[in-house]
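Everything below concerns the one structure shown next.
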Amino acid sequence: MPNTVMMSELSWSEYGRRLKEEDAVLFLPVGALEQHGHHLPLGTDWMMGTYIARRAAEKVGGIVAPPVTYAARSQIRTGGGPHQMGGVNLRHETLIYTVHDVLLELARHGAKKIAVIDAHYENRFILDEACYRAAQDLESKGNKEVTIVKILYPERIKPETLTKVYAGLKYPGLDLEHAGILETSMMMYCHPDLVRMDKVVQEGAADFPGYDVFPVRPEWVPASGCLSPPKGSARELGELLVEEFVANVIAIVNKEFRA
Ligand SMILES: [Zn+2]
């Protein structure tokens, strides 16, 4: 029997057996392909979401479906904008339909406990809509057994953790934490080979006005694409953050599905 929690690595029969006999929790990471400065890879969001889902799945008897790697359009004030090189932006309708269809298929396979792991800030309300519609569709077809939990994994961070991670600095908030200390430290811990700190450029944090303009204003965004400076990032800080996020996802899943 394969010692993996990754759905793609399982045969259909083993996958089906774990759903049926073990009532496996099915994790669906949803990330993005989006610039993360010169020093982090384009796949940072889906890689982190998948890493956290895998670690949680290993603890709670779960299976990780392949991540949705293309995601909601990057916005200037939260991800650097849709004009950036390398980003593949989906229209909101496309993401809603994609996630909605995937959820219905997972339910068709027999998944009853589904955890959607959101790893890209712009996805948040779009995923709510996709989950809502999937739950509504299933219920209207008489399937009342499926529960979908959606977790924006970095939504809550302990104040003491933030004090350590942003020692002597001001936490810019999750919206400006794009390719900054938090994401960079986490990638240093989870995917060190993909981080190039020698490519970091000296820039200040973005200073956006409290509104948006369309067509977008690329000149609002720091040239590197980082919305806050990654200077001060460290592997140990990444470990602190990632282990907290993994523990938090496990606690949520245990509370909702394993109580
Ligand atoms: Zn990101």
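We use all heavy atoms of the structure for the numbers below, so side chains are in, but hydrogens, waters and symmetry mates are not. In each ligand, atom 1 is the first atom listed, and ligand 1 is the first ligand listed.
- The closest side-chain donor-acceptor pair between Glu243 and Tyr189 falls under 3.5 angstrom.
- Between Lys150 and Asp128 there is a salt bridge, with a side-chain nitrogen of the basic residue lying less than 4.0 Å from a carboxylate oxygen of the acidic one.
- At least one N, O or S atom of Asp45 sits under 2.8 Å from the Zn ion (ligand 1).
- Glu129 and Arg133 are joined by a salt bridge, as a carboxylate oxygen and a charged side-chain nitrogen come within less than 4.0 angstrom of each other.
- Inclusion of His36 in the first shell of the Zn ion (ligand 1) is supported: an N, O or S atom falls under 2.8 Å.
- Closest to the Zn ion (ligand 1) among the N, O or S atoms of Glu183 is OE2.
- Counting only distance, with no hydrogens or angles, the side chain of Ser185 and the backbone of Ala234 share a donor-acceptor pair below 3.5 Å.
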